Amino acid sequence: MSTTMVDWDVAVTTARKLVKPGPEISMEGALSAVAELRDAAQRAEVYVQEVTGLRVPSATAPVLVVDRPGWIQANADAFRTIMEPLTEKAAAKIAATGRAGGQMQAVTARVSGAEVGALLSYLAPKILGQFDPFYAGAVDEPGGRLLLVAPNVVMVERELKLDPHDFRLWVCLHEETHRVQFTAVPWLRDYLNSQVQEIVGAADLDPAAVLEMIKNAVSTIGEAIRGNKEFSIVDLVQTPDQRATVERITAVMSLLEGHADVVMDSVKPDVIKSIETIRARFDVRRQSQGLDRIVRKLLGLDAKMRQYRDGARFCNRVIERVGMDGFNKVWSNPQTLPTPAEIADPDLWVARNHGL
């Protein structure tokens with residue numbers, strides 16, 4: 001009997017049934033949006049390389065323009081990859097419990113699959129673009145892939161009454177920054193994956209502990225939804241030994257998001273004519289909507305927003321002191337990545353890496 005913590009077929013099926021349909025659009029309009037997003041991604045890649053000084057190889061991570069079901073499938077595949085070490089450990093544990101244990105796990109996996117599917121269906125209409133660093137790719141391709149969710153881009157540009165051509169390029173500029181980061185710095189993907197796998201692989205899979213965690217999770221999530229408790233799903237899977245790894249991942253994510261902010265802040269009207277309108281209207285939308293308060297809390301996103309802002313401050317301070325070429329030393333190897341302390345105090349990174 002195969003063992004999994006989540007029934008991914010159930011997750012995808014559930015998400016596709018629950019996800020809201022995209023905006024009404026003609027076939028001609030849909031094809032035009034897809035074609036323009038692909039073209040915008042190519043133009044954005046050139047701009048990002050010029051601003052950052054990073055250079056991507058001729059074989060770069062693929063760009064996929066997807067609909068909401070396509071985004072759901074891609075993220076289910078990514079989650080499955082992330083959880084593979086956990087699944088292998090679970091198989092060994094549950095095999096020792098006999099047939100009854102396997103049957104109980106199958107039921108638990110279906111329930112978990114439905115829960116993951118519900119979450120994916122909620123997020124699918126909200127994501128404009130995403131770089132997936134967990135995608136393995138073909139043998140002759142770099143890992144990772146860029147996903148652009150066409151119906152969501154169309155929905156937001158209509159909602160905010162934005163110039164479609166400008167907004168599509170704006171979306172691609174942010175997401176292309178991440179694609180350039182991972183393709184120009186080939187070791188970065190393996191490093192991030194190894195850190196994530198370190199957390200997942202260290203999870204406690206004692207059957208009694210897992211059942212207790214699930215029971216406590218249901219109760220705790222209920223309290224969080226009612227607003228009676230501060231809680232993040234991340235808290236359920238972190239052991240004291242894993243917290244240092246989580247902090248390293250947070251520092252890397254802060255760097256990547258801060259670097260993307262530097263690129264976006266550099267965009268002027270000669271690149272995107274209506275850039276100021278886009279920024280103003282999108283910022284209002286992000287503050288008033290985005291992921292709602294409950295889901296942000298459950299995913300631990302509120303707790304990370306300060307670190308992401310610190311990431312932009314880190315990048316800007318380092319560039320101010322040593323220029324973009326000096327900043328790019330951050331991509332040399334894992335040892336030159338900023339520590340959590342250096343994200344908070346960029347001068348520490350400059351002193352360690354430049355002796356200044």
Side-chain angles (χ1 to χ4, degrees), residues 44 47-56 131 133 144 173-196 198-199 232 234-235 238 240-268 271 275-276 279 282-283 286-287 296 299-356:
Y47 180 83
V48 171
Q49 291 185 81
E50 290 176 353
V51 171
T52 65
L54 295 175
R55 295 292 178 263
V56 301
F131 185 81
L173 280 169
H174 184 275
E175 302 308 330
E176 272 292 341
T177 303
H178 295 314
R179 186 167 77 123
V180 168
Q181 289 165 343
F182 281 93
T183 52
V185 187
W187 57 264
L188 183 60
R189 174 179 174 271
D190 289 339
Y191 173 79
L192 184 60
N193 285 350
S194 71
Q195 297 299 300
V196 172
E198 186 174 321
I199 294 174
S232 164
V234 174
D235 296 331
Q238 283 183 222
D241 290 342
Q242 294 169 314
R243 293 187 184 276
T245 306
V246 170
E247 290 302 316
R248 285 195 297 273
I249 293 173
T250 300
V252 173
M253 297 304 294
S254 297
L255 169 68
L256 299 179
E257 291 295 332
H259 190 234
D261 281 350
V262 169
V263 173
M264 297 306 290
D265 288 345
S266 73
V267 177
K268 299 294 188 293
V271 177
I275 183 62
E276 297 304 330
R279 284 173 177 154
F282 196 80
D283 282 348
R286 184 162 50 189
Q287 292 168 10
R296 288 174 66 111
L299 294 180
L301 297 183
D302 278 337
K304 300 304 180 189
M305 290 306 293
R306 181 179 61 81
Q307 282 106 328
Y308 286 165
R309 289 193 295 269
D310 286 349
R313 188 172 65 87
F314 169 85
C315 295
N316 284 317
R317 174 59 175 168
V318 172
I319 292 169
E320 175 189 329
R321 290 204 57 194
V322 297
M324 185 63 77
D325 288 343
F327 169 84
N328 281 342
K329 188 172 182 179
V330 77
W331 311 115
S332 299
N333 55 66
Q335 286 68 47
T336 57
L337 289 172
T339 65
E342 290 168 345
I343 288 288
D345 186 352
D347 289 339
L348 294 176
W349 184 90
V350 173
R352 179 167 68 89
N353 289 278
H354 291 279
L356 300 176

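Just so we're clear, the structure is a prediction, and the values are computed from it rather than from any experiment.
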Within-4.5 Å side-chain heavy-atom neighbours: Val56 and Val48: no
Below 3.5 Å, can you tabulate the donor-acceptor pairs from side chains in residues 319-326 to any protein atom, sequence neighbours excluded?
residue	atom	partner	partner atom	Å
Glu320	OE2	Arg317	NH1	3.1
Arg321	NH1	Asp347	OD1	3.2

For Leu348 against Ala341, the heavy-atom pair lying closest together: CD1-O, 4.0 Å
Residues in salt bridge (Lys or Arg N to Asp or Glu O under 4.0 Å) contact with Glu342, at least two apart in sequence or another chain: Arg352
Distance-minimising heavy-atom pair for Pro133 and Leu192: CG-CD2, 4.3 Å
Heavy-atom closest pair, residues Ala344 and Arg313: O-NH2, 2.6 Å
CD-CZ distance between Glu276 and Arg279, expressed to the nearest 0.5 angstrom: 5.0 Å
Stepwise side-chain contact (heavy atoms from CB on, under 4.5 Å) test for Leu255 and Leu337: CA-CA 8 Å; Leu255 169 68; Leu337 289 172; 3.7 Å; yes
Residues forming a side-chain hydrogen bond (donor to acceptor under 3.5 Å, both in side chains) with Tyr191, sequence neighbours excluded: none
From CA spacing to verdict: side-chain contact (heavy atoms from CB on, under 4.5 Å), Trp349, Val330: CA-CA 9 Å; Trp349 184 90; Val330 77; 3.8 Å; yes
Test side-chain hydrogen bond (donor to acceptor under 3.5 Å, both in side chains) applied to Gln49 - qualifying residues, sequence neighbours left out: none
Glu175 side chain to His178 side chain, donor-acceptor N/O pair below 3.5 angstrom: no
Taking every non-hydrogen atom, the tightest pair across Gln181 and Ala260: NE2-N, 4.2 Å
side-chain contact (heavy atoms from CB on, under 4.5 Å) between Asp345 and Phe314, worked out: CA-CA 7 Å; Asp345 186 352; Phe314 169 85; over 6 Å; no
Qualifying residues under side-chain hydrogen bond (donor to acceptor under 3.5 Å, both in side chains), relative to Ser266, sequence neighbours excluded: Tyr47
Asp265 CG to Asn316 CG distance, which is reported to the nearest 0.5 Å: 6.5 Å
Residue pair Ile249 / Gln195: nearest heavy atoms and the distance that separates them: CG1-CB, 3.6 Å
Test side-chain contact (heavy atoms from CB on, under 4.5 Å) applied to Glu257 and His174, step by step: CA-CA 9 Å; Glu257 291 295 332; His174 184 275; 3.8 Å; yes
Approximate separation, where rounding is to 0.5 Å, of Thr183 OG1 and Leu54 CG: 8.5 Å
Residues that His259 engages under ring pair (Phe, Tyr, Trp, His ring centres under 6.0 Å), provided they are two or more places apart: Phe327, Trp331
Main-chain N/O of Thr336 paired with Lys329 side-chain donor or acceptor, under 3.5 Å: no
Interatomic distance, Phe182 atom CZ to Arg189 atom CZ [nearest 0.5 angstrom]: 9.0 Å
Ser332 OG to Trp187 CH2 distance, which is reported to the nearest 0.5 Å: 8.0 Å
Closest approach of Ala251 to Thr339 (non-hydrogen atoms, all atoms of both residues): CB-C, 4.2 Å
